[in-house]
Each structure stands twice: as C-alpha cells, then as structure tokens.
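First the proteins, then the strands, lettered A, B, ... as listed; each starts at 1. Just so it is clear, the values below take in all heavy atoms, side chains as well, and ignore hydrogens, waters and symmetry mates.
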Number of protein chains: 2
Amino acid sequence: MVAAKSGRTKRRREILLQAAAEVFFEQGYAATSIDAIIERAGGSKRNIYNEFGNKEGLFAAIVAENADKVLSTLAIEEIEGHDLEETLTAFGRRLMELYKSPTLIGIYRIAITETNRFPDLVKSFHEQGPGRATSRLAEVLEVARQRGEIRTADCLRVAGHFVGMIRDNLLQVILGIRPSPSDEESRVAVASAVEIFLNGVRPRQDKQTDRP
Amino acid sequence: MVAAKSGRTKRRREILLQAAAEVFFEQGYAATSIDAIIERAGGSKRNIYNEFGNKEGLFAAIVAENADKVLSTLAIEEIEGHDLEETLTAFGRRLMELYKSPTLIGIYRIAITETNRFPDLVKSFHEQGPGRATSRLAEVLEVARQRGEIRTADCLRVAGHFVGMIRDNLLQVILGIRPSPSDEESRVAVASAVEIFLNGVRPRQDKQTDRP
DNA sequence: GCCCTCCGGTAATGTGCGTTACCATTGACA
DNA sequence: TGTCAATGGTAACGCACATTACCGGAGGGC
C-alpha cells in the first residue's frame, strides 16, 4: 500500500488540485470554503486534510505547481539563434498566450491579494516564474547590446518595459472588463510592441555606424 | 438635526472610510471583519450600519470615492501646450506617483480579486479612473500624429504600450516584492520609457525593418 | 479465512463574523 | 427643564466554515 501513491492516490491528488485551483481563482482564498472544493471534486473533506494537511497547505501546493509551468513556457532557449525581432516576437507571443490562460490569470489575481497572508509563497512564485522570464529576456538583450544591435543603459529595465507593453493587455482581462484577446488581436499587439521597442532601442542613425 | 450631516457626522464618515480602506486594502474584502474596522476607527458597529447599510455598501463607497481622485490626478490639460516629450514625461511622472500611493495599490489589489463579486463596481472604477487616463493620452497622441510628430496605426494601442511600460514597475510593488521606487528611480524609469517610446514611434526616413 | 492498518465518509465541535434587537445617552426645541 | 427623536454602544442570534472525532469498510499480510 505504500506503492499505492502511484496510481489512484496520485490521480486523486490531481483532481483535488484542479478543483481547488478553480475555486480559489474564482472566489479568492478567504472566500473559498473546503466544502465548495469538495462539491466540485467529489469525495469528502477528509481527503483534502489527509493529502494537504489544511487549507494553507492546499493553497501552497497549487501555487508551487504553477510557477514551474510558467517558467517552462517562457524559457528562451531555442529562440536564441534567431534574429532579435524574431526572438522578441516569439517571446511576446508566448507571454501573451500565457496571459490568456485562466490559470495564470487566476494565480496572479490571488497572488496579488494574498501577498500579506503568504508573502514568501508569492515572492517565490514571482521569482521562479514571471520574474525569471524577465531576467532571461534581459540576458538576451545584453547579448544583442554587445553586438551593437541595440543601445541601452540598462537591459533589465528595458526588458521590463517590453514585458510591460505586452502585459498592458492583461490588466483589463484580469479586471474582468474585457475578454481575452483573440489570436489575431494578440498577433497585432505583439507586433506593435516589438516594432516600437526595436525602433526605440535601435542605435541612432546620425552616424549610420553599424551594420547593414 | 437634519443639518447635523454637515459637521460631526461627515467627519465621522471620513474616519470610517479611511479606517475601512486601510483594513480592506490590507486584508482583502472577505477577510476583513467589521470588528477589525471598528477596532481601528473607534466607536461601534452600529456606526457603520447606520451610515453605509452593510459591508458591501461600505466597500462600494470606498471604491467610488477613489476613482475620482485617480482621474483628477491624471488629467492632461495644462500640459497640452508643450512638447510631446515634456507631456509624456509629466504624464509618466504622475502615473508613477499614483502607483506609489498605498491607496491606489490597495484599490487595484482589491479590485483585481473582487471582480467576480462586484463586477460593475470594478468596471466603473477602471473606466472612470485609469482607463479614462489612457484614452486621454491616446487623444494627445492623435494630435501629435496629425502633426506628423509620430507615426502609428493605432493611438489607443500605443498609449496602452506607454502606460504598460510605466506600470511594469508597479507589479512587483503590488506583489509586495519590492518597496515603492524612490523619486530618483521613478525619474530614471520614466525617462527611459519616454525615450524608447518616442524613438519607437518617431517617423523614419527610410524603411529599415527589413534587412538588405 | 482472519486480523490489522489505513483511507474515506459523516457528523460533530468550536469559533468567528455579519447583522440586528434592545437599551442608554444625548442634544434640540418648546 | 421636560420631551422626543435619533445616534451610539452592548450583547445576542444564527449561520458558515475550518478542523477533527468517530466509524465502517477495503485490502494486503499471515
């Protein structure tokens, strides 16, 4: 029965996490009751208390599971060989895609409110997920800077600017004012941000110093 | 007796709103108890129920009061005569200033979570406050575009980009990861965003997005 | 087949909280 | 100063909910 963890129990855990995430993201931490989660997941409360200890444990498990997903979606590795414009576009598209997922929206929503209750949790979520993606982008920009493709004093800062431009679309979605942008809208928004950003950081033309 | 609303009662109302805002912003709507508010404001619960009816009424009053403040801080009127760079810088500074205020951070924080509970309230907050500021910026950009100072297909979209760049600094503050930026940091961040933005949308002599 | 351990379900238990019933106090007006 | 209305305080009510006690049953080890 020790090995029982593999089959049923693991699957059960997934179901609980999924259901709990939905309710937490929809209602917020404080307003979510264990009963509501069970109502969605089936089974009984004992189930949750056996697996996660208590409400906080369940919540922590959810947040931890999702930071990884964010990070893996935003890894910039295979893109690095390409043109900067292509890289930024690809990165921007994926960022946009991510921001359209109800899960990430939910995580952000709840992280923002529960900062006081779970400071460490939120901090590590951001650092391991979104924050790391930004600093990875900054590294890419740093390489481009050394090649003279872009001109900037602070790669991390301008990476933040880029992410901010993409993320602007998110605020209204998070606030429930607008539905998630369509693929076409995303494409246009990313293209627009990339264009402005690249023009913005491109070396000035006064001397026409660098390449082609 | 009817006129009593003027003196004491009004002042009392202010104190209640202030204390309630602090607790709501700190703990979130669901986790805030009326007792906690009273503990901070003094007096008794009856006080709140007489003035605002119930918890929801109190919350609604807070949100409504603050949308105005946001909007008035971000009015772009007196700046219009100036250079576009000056206008953007001034607008960016004020935006940054606003995002440093605990009140606005609190409002955002709570608006983001309570979207499901108070959709209309949140919607009208955004439309009357931050949203309107962005569209006002878009109008300014439209004028600049007609003068040929900038080149863009969609002023509202790029206004969003600009606001997004500024707001990027806010996310980490809202998440409680970083303290509010100092005046100096704000200055630098705004200058950086303005520079990139202006270069980004400035008309170009030749097409250079495609390589030879 | 029998026992024993663990898992899951149900029904408490205790607490916190929004809301209200009820009473004391106050302050205006005659 | 006496009366009345409204305001502020206290204590109670009822409910929702996190957590746990208790119990039945399933399934592996002998």
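Atom CZ in B:Phe24 sits about 13 Å away from atom C1' in C:dC17, given to the nearest Å. Put simply, CZ on A:Arg13 is 14 Å from P on C:dC7, counting in whole angstrom units. One can place CD1 of A:Ile38 at 11 Å from P of C:dT10, the figure rounded to the nearest angstrom. Note: CD (A:Glu39) to C1' (D:dA16) measures 14 Å, nearest angstrom. Whole-Å rounding puts the B:Ile48 CD1 to D:dT7 C1' distance at 15 Å.
Contact check, A:Asn50 against C:dG8: a side-chain N or O comes under 4.0 Å of OP1 or OP2. One finds a side-chain N or O of A:Ser44 lying less than 4.0 angstrom from the OP1 or OP2 phosphate oxygen of C:dG9. Using a 4.0 Å cut-off, some side-chain N or O of B:Asn47 falls inside it from OP1 or OP2 of D:dG9.
For B:Glu185, there are no salt bridge (Lys or Arg N to Asp or Glu O under 4.0 Å) partners two or more places apart in sequence or in a different chain. Remark: A:Ser124 engages no residue in a side chain to side chain contact (heavy atoms under 4.5 Å, CB included) (not counting sequence neighbours). Looking at residues two or more places apart in sequence or on another chain, you find a side chain to side chain contact (heavy atoms under 4.5 Å, CB included) between A:Ser33 and A:Asp35, A:Ala36.
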Could you pull out every donor-acceptor pair under 3.5 Å between side chains of residues 186-196 of chain B and any protein atom, sequence neighbours left out?
{"from": "B:Ser186", "atom 1": "OG", "to": "B:Lys100", "atom 2": "NZ", "distance (Å)": "3.3"}
{"from": "B:Ser186", "atom 1": "OG", "to": "B:Ser182", "atom 2": "O", "distance (Å)": "2.9"}
{"from": "B:Arg187", "atom 1": "NE", "to": "B:Glu184", "atom 2": "OE1", "distance (Å)": "3.3"}
{"from": "B:Arg187", "atom 1": "NH2", "to": "B:Glu184", "atom 2": "OE2", "distance (Å)": "3.3"}
{"from": "B:Ser192", "atom 1": "OG", "to": "A:His161", "atom 2": "NE2", "distance (Å)": "2.8"}
{"from": "B:Glu195", "atom 1": "OE2", "to": "A:Arg151", "atom 2": "NH2", "distance (Å)": "3.2"}

Distance-only donor-acceptor pairs under 3.5 Å for side chains of residues 18-29 of chain B, two or more places apart:
{"from": "B:Gln18", "atom 1": "NE2", "to": "B:Glu22", "atom 2": "OE2", "distance (Å)": "3.0"}
{"from": "B:Glu22", "atom 1": "OE1", "to": "B:Arg40", "atom 2": "NH1", "distance (Å)": "2.9"}

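No donor-acceptor pair closer than 3.5 Å links the side chain of A:Thr152 to the backbone N or O of A:Cys155.
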Please list, pair by pair, any protein nitrogen or oxygen found under 3.5 Å from a nitrogen or oxygen in nucleotides 18-25 of chain C.
{"from": "C:dG18", "atom 1": "OP1", "to": "B:Thr32", "atom 2": "O", "distance (Å)": "2.9"}
{"from": "C:dG18", "atom 1": "OP1", "to": "B:Lys55", "atom 2": "NZ", "distance (Å)": "3.1"}
{"from": "C:dG18", "atom 1": "OP2", "to": "B:Ile34", "atom 2": "N", "distance (Å)": "2.7"}
{"from": "C:dT19", "atom 1": "OP2", "to": "B:Tyr49", "atom 2": "OH", "distance (Å)": "3.0"}
{"from": "C:dT19", "atom 1": "OP2", "to": "B:Lys55", "atom 2": "N", "distance (Å)": "3.2"}
{"from": "C:dT19", "atom 1": "O4", "to": "B:Lys45", "atom 2": "NZ", "distance (Å)": "2.6"}

